[in-house]
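Everything quoted here is computed from the prediction, not taken from an experiment.
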Amino acid sequence: MSMKKYKQSKADIAKQFDLPERQSKITSLLNQAGQAYCICRSSDSSRFMIACDSCEEWYHGDCINISEKEAKYIKNYFCDRCREEDPSLKTKFRPQKRENDGDSGREEGRKKKKEKEHSENKSSKRPTKDGCGDCPGCLQLADCGHCEACEDMYKYGGANKLKLKCKQRICVKAKKSSRVSSNRIKKKHHERETYEPEESIAHLQTSEPRHCYGPQCTRAAQYGSKYCSAQCGMRLATARIYQVLPQRIQEWSLSSCVAEQHNRKALEVVRSGLAKAQGALRALDKQHSELDALLERAKHATIQHSDEKELDDETSMYCVTCGHEIHSRTAVKHMEKCFVKYEAQASFGSRHRTRIDGQSMFCDYYNPGNGTYCKRLRVMCPEHFKDPKVSDTDVCGCPLVRNVFDPTGEFCRAPKKSCLKHYQWEKLRRAEVDMERVRQWLRLDELVEQERSIRLAMASRAGVLGLMLHSTYNHEVMERITKANENGKLKESS
């Protein structure tokens, strides 16, 4: 059976296909079997071939001297026979450079660039456009990869906005390069780097011994330094601070600082806000304890059945959560259950546990799968805290009011199971108190941060470094002092 299958001809195989499109295609391929192509008139189709766009004759690429790479850039090809018959036919190429021409052009450009750089830097030891060729910056061949300029480069994952050279590869003696590179991009005022000209130390690099600048020091200074040791430099700096600082402190105390006054006013506002938030938290604690007292009183009360029968109300409404039609009497209970069902499907988690002294407002149930703590309110969390079961003897206990806001001192004595008017009133009241607590704690956190920033600004304003770097000169006060000194000198002379 297998021998017969292998001995089938191409025509027998083609007859097995019933599709007309496939049948016609296979028939055309069978008719072309053994057809001669190209100028060599062979039937070899394994090599690269190109077709004439006029006579549709196929030619081998090696027979007409056209490679496969060159054929990629040919748009319309016409064979020699068609061009002899119609001289207007010409082979058209695509508007792209060939790869060989592009490579050769790039190589020539590189050679010219290298020759130009070599001719410009014949006298230098290192072929760079700017630099001495002797300092550590010029001799550094690779980027450090850690400075600000390297982190901005493409190869280190930056956006290349600064377009600067590595700081360790900058020539020490070249000053123009830093100016040109800093002017390439206009930075914001707080991002601009101040240009600090390097102090010349040529007068310190002498072979003759020089006296140390340190106070009461008799030793010779080190090569390239003003001091014989670091201790001498520290002693001289300390002496200058003691000499200049008292005068600066006196100048600071003579003139009033406007920023200091503004900070003191802002600090008073922050302190008043802190006192209000703390008072609000104390009031909320009081409300919480009053609610506990109401519930305790309701536990000891007895159920009082009312003789008045509720009127049957046939009105209905639609649930805002599930959209089903419900009776108006059971609407509150149904909506609460729907909300709890859908709320349990969502997750509110954080990787940090709430740490508030003496308060446990949040659920804080740890989920080992996600590694998070639940951040719902404890009384409203339907996923981890279930409502306690209500017995038949439990009293509702909701405080009754007159004119919506005036408490009467009485409470509802209806059975808790059947009281739909005050359904889960204690749960909602506790949630309101806890939510207000959260708001006040967030307000406290914000005010403490403001107080910290204001105190930091006040502490750093009149520091030693600030007084040494900046001088405050009050012209009116200084004129009075100078006049008083002059009058004192005149009286002494007279």
| query | Considering residues, nucleotides and ligands other than Gln247, do more than 12 of their heavy atoms fall under 6.0 Å from its CD? | reply | no
| Taking every non-hydrogen atom, the tightest pair across Ala457 and Asn263 | CB-ND2, 4.2 Å
| query | Under a 4.5 Å cut-off applied to non-hydrogen side-chain atoms, are Arg437 and His288 in contact? | reply | yes
| field | Distance (rounded to the nearest 0.5 Å) between Met317 CE and His334 NE2 | value | 11.0 Å
| Taking atom CZ of Arg297 as the centre, does the number of heavy atoms from other residues, nucleotides or ligands within less than 6.0 Å exceed 12? | yes
| Which atom pair, heavy atoms only, marks the closest approach of Tyr59 to Cys52? | CE1-CB, 4.2 Å
| query | Under the 6.0 Å and 45° cation-pi test, does Arg413 pair with Phe411? | reply | yes
| request: Please tell me if the side chains of Ile74 and Ile50 come closer than 4.5 Å, counting only heavy atoms from C-beta onward. | output: yes
| query | Between CD of Glu57 and CE of Met49, what distance do you get to the nearest 0.5 Å? | reply | 8.0 Å
| message | For a quick test of reading the model, state the closest non-hydrogen atom pair linking Ala414 to Cys419 and the distance between them. | response | CB-CB, 4.3 Å
| message | Please determine whether side chain to side chain contact (heavy atoms under 4.5 Å, CB included) holds for the pair Asn160 and Asp152, giving the CA-CA distance in whole Å, both sets of side-chain angles, and the decisive distance to 0.1 Å. | response | CA-CA 5 Å; Asn160 200 21; Asp152 187 62; 4.2 Å; yes
| query | Does some side-chain heavy atom of Asp434 sit less than 4.5 Å from a side-chain heavy atom of Phe362? | reply | no
| task | Using the six-membered ring wherever Trp is involved, compare the ring planes of Tyr373 and Tyr366 and label them parallel, tilted or perpendicular (cut-offs 30° and 60°). | result | tilted
| said: With side chain to side chain contact (heavy atoms under 4.5 Å, CB included) as the criterion, how do Leu400 and His422 come out once you've worked through the C-alpha distance, each side chain's angles and the decisive distance to 0.1 Å? | reply: CA-CA 10 Å; Leu400 301 177; His422 309 122; 4.2 Å; yes
| task | Look at Glu268 together with Arg271 and state whether they make a salt bridge at an N to O cut-off of under 4.0 Å. | result | no
| task | Any chance you could measure Lys416, atom NZ, to Cys398, atom SG, to the nearest 0.5 Å? | result | 10.5 Å
| field | NZ on Lys75 to OG1 on Thr91, rounded to 0.5 Å | value | 13.0 Å
| field | Residue pair Leu274 / Leu444, side-chain heavy-atom distance below 4.5 Å | value | yes
| message | Can you tell me how far apart CZ (Arg351) and CG (Asn367) are? Round to the nearest 0.5 Å. | response | 10.5 Å
| task | Applying salt bridge (Lys or Arg N to Asp or Glu O under 4.0 Å), run through Lys375 and Asp364 and close with a yes or a no. | result | CA-CA 6 Å; Lys375 290 303 170 186; Asp364 278 337; 2.8 Å; yes
| Atom OH in Tyr77, atom CD in Glu70: separation rounded to 0.5 Å? | 11.5 Å
| note | When every non-hydrogen atom of Cys150 is compared with those of Asp143, the smallest separation belongs to SG-CB, 3.7 Å
| query | Is it true that atom NE2 of His352 has more than 12 heavy atoms of other residues, nucleotides or ligands lying nearer than 6.0 Å? | reply | no
| said: Is there a side-chain contact between Phe48 and Ser67 in this structure, where contact means two heavy atoms from C-beta onward sitting under 4.5 Å apart? | reply: no
| task | Flag the pair Arg439 and Glu436 as a salt bridge only when some basic side-chain nitrogen lies within less than 4.0 angstrom of an acidic carboxylate oxygen. | result | yes
| task | Please tell me if the side chains of Arg430 and Leu295 come closer than 4.5 Å, counting only heavy atoms from C-beta onward. | result | yes
| task | Could you tell me which non-hydrogen atom of Ala266 sits nearest to which non-hydrogen atom of Ile454, and how far apart they are? | result | CB-CD1, 3.7 Å
| query | Are more than 12 heavy atoms from other residues, nucleotides or ligands located less than 6.0 Å from atom NZ of Lys427? | reply | yes
| Heavy-atom check, side chain of Glu446 versus side chain of Glu449, under 4.5 Å | no
| task | Inspect the surroundings of CZ in Arg47 and state if more than 12 heavy atoms from other residues, nucleotides or ligands are less than 6.0 Å away. | result | yes
| request: Could you tell me whether Glu325 atom CD has more than 12 heavy atoms of other residues or ligands within 6.0 Å of it? | output: yes
| task | Locate the shortest heavy-atom distance separating Arg169 from Ala142; write the atom from each residue and the value. | result | CD-O, 3.7 Å
| message | Run the side chain to side chain donor-acceptor pair (under 3.5 Å) test on Ser289 and Asp292 for me, step by step, so that the C-alpha distance in whole Å, both residues' side-chain angles and the decisive distance to 0.1 Å come before the verdict. | response | CA-CA 5 Å; Ser289 60; Asp292 291 338; over 6 Å; no
